[in-house]
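Every number for a ligand or one of its atoms is a count from 1 in the order of the listing. Heavy-atom basis, side chains included; hydrogens, waters and symmetry copies ignored.
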Amino acid sequence: MSLETRSLGYTGEQLTGVGLGTWAIGGGDWQYGWGPQEDKESVAAIRRALDVGINWIDTARIYGLGHSEKIVGEAIAGRRDEVFLATKCGRHWKEDGAVYGSLTAADVRRECESSLKRLKTDVIDLYQIHWPDPLGEIEEGWTEIAKMVEEGKIRYAGVSNFAMEQLRTVQAIHPVASLQPPYSMLRRGVEDTLLPYCAENNIGVIVYSPMVCGLLTGKFSKTRLAGLPANDWRRGNVEFRAPAFEANLALVDGLKPIAECNNLTLSQLAIAWVLRRPEVTSAIVGARRPDQIEETAQAGNAVLSKDDVLAVEKLLTRRLETIAAAP
Ligand SMILES: NC(=O)c1ccc[n+]([C@@H]2O[C@H](COP(=O)([O-])OP(=O)(O)OC[C@H]3O[C@@H](n4cnc5c(N)ncnc54)[C@H](OP(=O)(O)O)[C@@H]3O)[C@@H](O)[C@H]2O)c1
């Protein structure tokens with residue numbers, strides 16, 4: 001079955017409903033690592049994504065401190081024309097590994113040059129500011145990115161984790177092709193204002209962590225959590241700790257019959273749910289193995305009914321009540 005596509009804002013680029021996210025592929029060896037990761041598995045996952053029809057990949061220089069970009073570059077060698085390639089800038093690391101933000105013109109340009117090399121490409125399709133950090137440098141960084149668009153190093157410029165005012169600021173300098181915000185059943189902050197603003201202004205929306213970093217896939221349990229490697233950042237995340245973790249597992253249990261009625265897996269349901277919003281261009285879905293992306297790729301074609309959406313809404317309300325009532 002071919003994968004359906006949606007238009008990325010003003011660019012008109014057609015992206016599949018699922019794009020491959022490559023944060024976890026960076027491995028465990030840094031502050032926000034996901035535990036050990038075999039590069040062979042990562043390359044196989046990326047190639048499998050292309051084989052099943054996914055036409056775009058999201059990475060960032062910070063993922064694995066350059067490692068994710070390097071693996072993406074290796075995996076797509078010889079297949080560059082099949083991929084709309086997105087990466088991100090603005091996150092740096094100190095000698096002790098501590099991550100910090102810089103958006104000076106010199107840093108942004110240096111990062112872009114190094115990303116082009118690691119990705120083994122002449123041009124990056126979508127170059128995004130990863131975080132509006134430091135706030136006082138977003139105009140400087142964005143202006144430099146606009147220059148690199150003119151120079152042909154970058155095709156389109158986007159932002160991630162930006163609030164409305166920050167979007168307005170950069171939009172006045174150079175058109176924003178896309179916003180990359182978090183969006184999932186557990187993180188709905190963009191629904192009321194940012195999504196409508198993007199639609200009104202022809203800005204594409206590529207949402208991240210739609211399965212809450214694996215939590216909504218149905219593959220998490222107390223035992224799995226306890227067995228996560230020490231260098232998997234999820235161990236410390238609030239959604240993986242009491243009282244949220246128990247409420248999240250109960251939510252996943254409640255989602256099972258909705259997924260079954262639609263012939264979807266839980267992972268596919270979580271992705272289809274974010275894609276129900278017409279303002280969303282694509283969901284960025286992480287995978288560490290070929291079988292994972294094979295399962296999730298098809299979710300971009302699923303359509304949920306009004307009743308399904310209402311049923312999910314009830315479960316989400318119950319989850320919030322459970323967390324609020326927890327001692
Ligand atoms: N801009 C930003 O600040 C930002 C922040 C976060 C993410 N992102 C982007 O968004 C992408 C996606 O987000 P994410 O990776 O955080 O979360 P996600 O897509 O919600 O979850 C991905 C994780 O779920 C597990 N998984 C994937 N497919 C599965 C399947 N079929 N069955 C069971 N488990 C499965 C894998 O981890 P395990 O196998 O280890 O469980 C995988 O790494 C990232 O890779 C990155 O490109 C951007």
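- Between Trp273 and Tyr183, a ring centre-to-centre spacing shorter than 6.0 Å is recorded.
- Near Gln180, meaning under 4.0 Å from one of its heavy atoms, ligand 1 places the atoms 1 (N), 2 (C), 4 (C), 8 (N), 9 (C), 48 (C).
- Screening Leu103, Val159, Val108, Thr169 for a side chain to side chain contact (heavy atoms under 4.5 Å, CB included) with Trp142, the sole residue that qualifies is Val159.
- Heavy-atom separations between Glu294 and ligand 1 are all 4.0 Å or longer.
- Gly214 CA, 3.2 Å is the protein heavy atom nearest to atom 24 (O) of ligand 1.
- Cation-pi check for Lys88 over Tyr127 is not met; the charged atom does not lie both under 6.0 angstrom from the ring centroid and within 45 degrees of its normal.
- Taking atom 43 (O) of ligand 1 as the reference point, the nearest protein heavy-atom neighbour is Trp34 CZ3, 3.3 Å.
- Residue contacts with ligand 1: Thr59 is placed with no nitrogen or oxygen under 3.5 Å of a nitrogen or oxygen of the ligand (distance criterion only).
- Atoms of ligand 1 found under 4.0 Å from any heavy atom of His130 (numbered from 1 in listed order, with element): 1 (N), 2 (C), 3 (O).
- Between Cys213, Ala60, Gly286, it is Cys213 that holds the heavy atom closest to atom 17 (O) of ligand 1.
- Using a distance-only test at 3.5 Å, with no hydrogens or angles considered, no donor-acceptor pair links the side chain of Arg288 to the main chain of Glu41.
- The proximity of Ser209 to ligand 1, defined as any non-hydrogen pair under 4.0 Å, involves the side chain as well as the backbone.
- Contact atoms of ligand 1 toward Ala24: 43 (O) (distance under 4.0 Å to a heavy atom of the residue).
- In this comparison of Arg91, Lys88, Arg289, Arg224, the heavy atom closest to atom 38 (P) of ligand 1 sits on Arg224.
- Residue contacts with ligand 1 for Met211 involve both N, CA, C or O and side-chain atoms from C-beta outward (heavy atoms, distance under 4.0 Å).
- Using a 4.5 Å heavy-atom cutoff, the side chains of Ser160 and Tyr208 are in contact.
- Of the candidates Val159, Leu228, Ile206, Asp58, it is Asp58 that places a heavy atom closest to atom 9 (C) of ligand 1.
- Between the side chain of Trp30 and the main chain of Val99, no donor-acceptor pair closer than 3.5 Å is present.
- Closest to atom 12 (C) of ligand 1, if we only count protein heavy atoms, is Ile284 O, 3.2 Å.
- With 3.5 Å as the limit, one finds a donor-acceptor pair spanning the side chains of Asp39 and His67.
- Between Tyr63 and Glu69 there is no side-chain heavy-atom pair separated by less than 4.5 Å.
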Applying salt bridge (charged side-chain N to carboxylate O under 4.0 Å, His left out) to Lys147 and Glu151, what does each step give before you reach the verdict? CA-CA 6 Å; Lys147 275 189 204 156; Glu151 293 164 18; over 6 Å; no
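- Protein heavy atom nearest atom 39 (O) of ligand 1, with residue, atom name and distance: Gln292 NE2, 2.9 Å.
- Applying the side-chain hydrogen bond (donor to acceptor under 3.5 Å, both in side chains) definition to pairs two or more places apart or across chains, those involving residues 210-234 are Asp232-Arg234.
- Here the protein heavy atom with the shortest distance to atom 1 (N) of ligand 1 is Ser160 OG, 2.8 Å.
- Close N/O approach between Asp232 and ligand 1 is not found [any backbone or side-chain N/O within under 3.5 Å].
- In this structure, the side chain of Glu13 does not engage the main chain of Phe84 through any donor-acceptor pair within 3.5 Å.
- The part of Asn161 lying near ligand 1 is the side chain, judged by heavy-atom distances below 4.0 Å.
- Near Val285, with a cut-off below 4.0 Å to any heavy atom, the atoms of ligand 1 are 19 (O).
- Here the protein heavy atom with the shortest distance to atom 44 (C) of ligand 1 is Trp23 CB, 3.7 Å.
- Closest to atom 10 (O) of ligand 1 among all protein heavy atoms lies Tyr208 CB, 3.2 Å.
- With hydrogens and angles disregarded, no donor-acceptor distance shorter than 3.5 Å links the side chain of Asp58 to the backbone of Ile284.
- Looking only at distances, a side-chain donor or acceptor of Ser68 sits under 3.5 Å from a matching main-chain atom of Thr22.
- Annotation for ligand 1: atoms under 4.0 Å from non-hydrogen atoms of Thr217 are 33 (C), 34 (N), 35 (C).
- Contact atoms of ligand 1 toward Arg234: 37 (O), 38 (P), 40 (O), 41 (O) (distance under 4.0 Å to a heavy atom of the residue).
- Here Asp308 does not pair with Arg276 in a salt bridge; the nearest charged N to carboxylate O distance is not below 4.0 Å.
- Of the protein's heavy atoms, Tyr63 OH, 3.4 Å lies nearest to atom 46 (C) of ligand 1.
- Near Glu295, the atoms of ligand 1 lying under 4.0 angstrom from a non-hydrogen atom of the residue are 30 (C), 31 (N), 32 (N).
- Of all atoms in ligand 1, numbered sequentially from 1 with element shown, those under 4.0 Å from a heavy atom of Val212 are 20 (O).
- The shortest N/O to N/O separation between Thr296 and ligand 1 does not fall below 3.5 Å.
- Looking at Lys219 against ligand 1, only its side chain comes within 4.0 Å, counting heavy atoms.
- Contact check for Leu3 versus Ile54: side-chain heavy atoms found under the 4.5 Å cut-off.
- Side-chain contact between Val212 and Arg187: absent, with no pair of heavy atoms (C-beta onward) separated by less than 4.5 Å.
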